Structures are given as structure tokens and as C-alpha cells.
*Asks:* 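Structure provided below as C-alpha cells; questions to follow.
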Amino acid sequence: MEIGNLSSTTLSERLHPSFKLLFDFVKNKDFNELPSGKVEIDGDNVFVMNLNIPGADENKQPLEMHRKYIDVHILLGGTEKIGWKPINEIEHYTQEYDENGDCALSDDSARFFVQLHPGEYCIVFPEDAHAPAISSGPIRKLIGKVKI
């Protein structure tokens with residue numbers, strides 16, 4: 001897991017060859033003018049999900065895990081908590097890995113939480129089980145998807 005601010009992405013861009021493409025795109029677009037849902041940057045290799053979503057309750061939000069994509073959660077409005085637990089410590093799956101959806105789910109408790117504010121991002125890798133979108137109010141965010 002990596003936490004950062006959009007004003008300084010240089011070090012995070014070194015973690016994957018497509019991160020610079022993702023961050024440059026995000027910094028230069030007005031997402032209020034783009035459609036909700038999937039916005040392609042480099043086909044299925046790099047894209048963002050442009051979202052306005054209600055916040056979820058911490059006790060009801062499952063941990064999710066991916067194998068094909070790295071998630072980059074970028075907060076545009078509201079506040080968001082993201083829970084984290086290492087995938088090798090997951091004890092109970094509520095949904096086994098689904099290759100088509102690139103997702104497995106668990107009702108295990110997160111080990112800790114990070115709080116994001118507008119302009120901040122959280123990168124979660126396949127070894128990071130994560131529970132996003134925890135908030136008492138609506139969230140305006142992007143989820144960058146970068147193929148491994």
C-alpha cells in the first residue's frame with residue numbers, strides 16, 4: 001500500500017511503468033466534464049472508474065482483493081477511509097476469486113485504516129486486501145486500474 005498526494009507523484013510513478021500515464025491523465029482532466037463510469041486511458045491496460053458513490057459503513061464494507069490490476073484510489077471530494085489487511089492473513093472468503101471480475105471478497109476485519117482527503121491517493125497492490133469507500137457521507141472519487 002502506498003499513500004500520496006497528487007501534487008507530488010514522482011516517487012509513486014516509479015512503482016509501475018504506467019503510473020505516470022495515469023497520474024498525468026488525472027492531473028489534466030476535469031472529471032466533472034467526463035462521463036461517470038469507465039474512462040479509458042490506454043484501453044484495458046490503464047483506465048479510471050469515475051464515481052460518485054454513497055459512503056459505506058465500516059462494519060459492512062468487505063475487504064476486496066485483485067490479481068490482474070493494481071487499484072489507485074484517488075479522492076476528489078468528501079472523505080474516505082480505506083481498510084487494509086495483508087492478503088496472506090485473510091481467514092475467511094465470502095467470495096472466492098472471480099477471474100472475470102478480478103475480485104475476491106472477505107468479511108475479515110481490517111488491521112488498520114487510512115483516511116484520504118481530496119487530492120490524496122492510495123495505491124493497493126494484489127497483496128493488499130482493502131475495504132474502500134468507508135464514509136458517513138457521499139464520496140467523489142476515481143479508481144485507477146493499472147494492469148500488472
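Just so you know, these numbers come straight off a predicted model, no measurement behind them. Values reported hereafter were calculated over all heavy atoms of this structure, with side chains retained and with hydrogens, waters and symmetry mates removed.
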*Asks:* Side-chain contact, heavy-atom cut-off 4.5 Å: Leu22 with Val146?
*Replies:* yes
*Asks:* Transitively linked via ILVMFWY side-chain contacts under 4.5 Å: Ile87 with Leu105?
*Replies:* no
*Asks:* Once you measure the plane-to-plane angle for His130 and His66, does it fall in the parallel (<30°), tilted (30-60°) or perpendicular (>60°) bin?
*Replies:* tilted
*Asks:* Please report the shortest heavy-atom distance between Asp108 and Glu91, naming the atom on each side.
*Replies:*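 Closest pair (atom of Asp108, atom of Glu91, distance): OD2-N, 2.6 Å.
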*Asks:* For Glu89, enumerate each residue passing the salt bridge (charged side-chain N to carboxylate O under 4.0 Å, His left out) test, keeping only those at least two apart in sequence or located in another chain.
*Replies:* Arg111
*Asks:* Do Lys141 and Pro132 come close enough that some side-chain heavy atom pair is under 4.5 Å?
*Replies:*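 With C-beta onward as the side chain, the pair touches.
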*Asks:* Quick one: do Tyr97 and Cys103 satisfy side-chain contact (heavy atoms from CB on, under 4.5 Å)? Show the steps, please.
*Replies:* CA-CA 5 Å; Tyr97 179 73; Cys103 190; 5.8 Å; no
*Asks:* Do other residues, nucleotides or ligands put more than 12 heavy atoms under 6.0 Å from Lys60 NZ?
*Replies:*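 No.
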*Asks:* Could you tell me the separation between the CZ atom of Phe31 and the CG atom of Asn52, rounded to the nearest 0.5 Å?
*Replies:*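 Phe31 CZ to Asn52 CG: 12.5 Å, rounded to 0.5 Å.
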*Asks:* Hey, what do you get for CD (Glu120) to CD (Gln115), rounding to the nearest 0.5 Å?
*Replies:*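 These two atoms lie 9.0 Å from each other.
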*Asks:* With rounding to the nearest 0.5 angstrom, report the CG to OG distance, Asn45 to Ser18.
*Replies:* 6.5 Å
*Asks:* Is any side-chain heavy atom of Met1 less than 4.5 Å from a side-chain heavy atom of Phe112?
*Replies:* yes
*Asks:* Flag the pair Trp84 / Val114 as yes when at least one side-chain heavy-atom distance between them is below 4.5 Å, and no otherwise.
*Replies:*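 No. Closest side-chain heavy atoms not under 4.5 Å.
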*Asks:* Quick check: do Val124 and Ile70 have side-chain heavy atoms less than 4.5 Å from each other?
*Replies:*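 Not touching, per the 4.5 Å side-chain cut-off.
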*Asks:* So how far is it from Asp107 CG to Thr94 OG1, rounded to the nearest 0.5 Å?
*Replies:* 5.5 Å
*Asks:* Below 4.5 Å, heavy atoms only, C-beta onward: do Val46 and Lys147 meet side chain to side chain?
*Replies:* no
*Asks:* Identify whether the distance between the nearest side-chain nitrogen and carboxylate oxygen of Arg67 and Asp102 falls below 4.0 Å.
*Replies:* no
*Asks:* Mind listing the closest non-hydrogen atom pair of Gly83 and Ala110 along with its distance?
*Replies:*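 Taking every non-hydrogen atom into account, CA-CB, 3.7 Å.
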*Asks:* In terms of the angle between their ring planes, are Tyr69 and Phe47 parallel, tilted or perpendicular, with boundaries placed at 30° and 60°?
*Replies:*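 It falls in the perpendicular class, over 60°.
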*Asks:* Suppose we screen for side-chain hydrogen bond (donor to acceptor under 3.5 Å, both in side chains). Which residues come up paired with Asn50, at least two apart in sequence or across chains?
*Replies:*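 Result, side-chain hydrogen bond (donor to acceptor under 3.5 Å, both in side chains) vs Asn50: Arg140.
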*Asks:* Does Leu116 reach the side chain of Cys122, with side-chain heavy atoms less than 4.5 Å apart?
*Replies:*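 They are in side-chain contact.
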*Asks:* In this structure, would Leu75 and Val72 fall into the same cluster of hydrophobic residues linked by side-chain contacts under 4.5 Å?
*Replies:* no
*Asks:* Any link between Ile148 and Leu15 through a network of hydrophobic side chains (Ile, Leu, Val, Met, Phe, Trp, Tyr) touching at under 4.5 Å?
*Replies:*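 Yes, Ile148 connects to Leu15 through the hydrophobic network.
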*Asks:* In the structure I gave you, are the side-chain heavy atoms of Ser106 and Met65 within less than 4.5 Å of one another anywhere?
*Replies:*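 Ser106 reaches Met65 side chain to side chain.
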*Asks:* In terms of hydrophobic clusters joined by side-chain contacts under 4.5 Å, are Leu63 and Ile53 together?
*Replies:*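 Leu63 and Ile53: separate clusters.
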*Asks:* Can you label the angle between the Phe125 ring and the Phe19 ring as parallel, tilted or perpendicular, going by 30° and 60°?
*Replies:*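 Aromatic pair Phe125/Phe19 classed tilted.
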*Asks:* Hydrophobic clusters here meaning ILVMFWY residues chained together by side-chain heavy-atom distances under 4.5 Å, can you tell me if Leu6 and Val39 are in one?
*Replies:* yes
*Asks:* Restricting to salt bridge (charged side-chain N to carboxylate O under 4.0 Å, His left out), what partner residues turn up for Asp128, sequence neighbours left out?
*Replies:*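 Asp128: no salt bridge (charged side-chain N to carboxylate O under 4.0 Å, His left out) contacts found.
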*Asks:* Run through Ile143, Asp44, Val48 and flag the one making a side-chain contact (heavy atoms from CB on, under 4.5 Å) with Lys38.
*Replies:*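 Result: among Ile143, Asp44, Val48, Asp44 is the only option passing the side-chain contact (heavy atoms from CB on, under 4.5 Å) with Lys38.
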*Asks:* Can you name the closest pair of heavy atoms from Pro118 and Gly77 and give their distance?
*Replies:*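 Heavy atoms only, the tightest pair is CG-CA, 4.0 Å.
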*Asks:* Does either side chain, that of Ser135 or that of Glu80, offer a donor lying less than 3.5 Å from an acceptor on the other one?
*Replies:*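 Judged by distance alone, the side chains do not pair up.
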*Asks:* Just by distance, with hydrogens left out, do Thr9 and Tyr121 show a side-chain donor and acceptor under 3.5 Å apart?
*Replies:* no
*Asks:* What is the minimum heavy-atom distance between Asp57 and Asn59, and which atoms define it?
*Replies:*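 In terms of heavy atoms, the two residues are closest at OD1-N, 2.8 Å.
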*Asks:* Distance check, rounded to the nearest 0.5 Å: Leu21 atom CG versus His16 atom NE2?
*Replies:* 10.5 Å
*Asks:* Could you tell me the separation between the CG atom of Leu34 and the OG atom of Ser36, rounded to the nearest 0.5 Å?
*Replies:* 9.5 Å
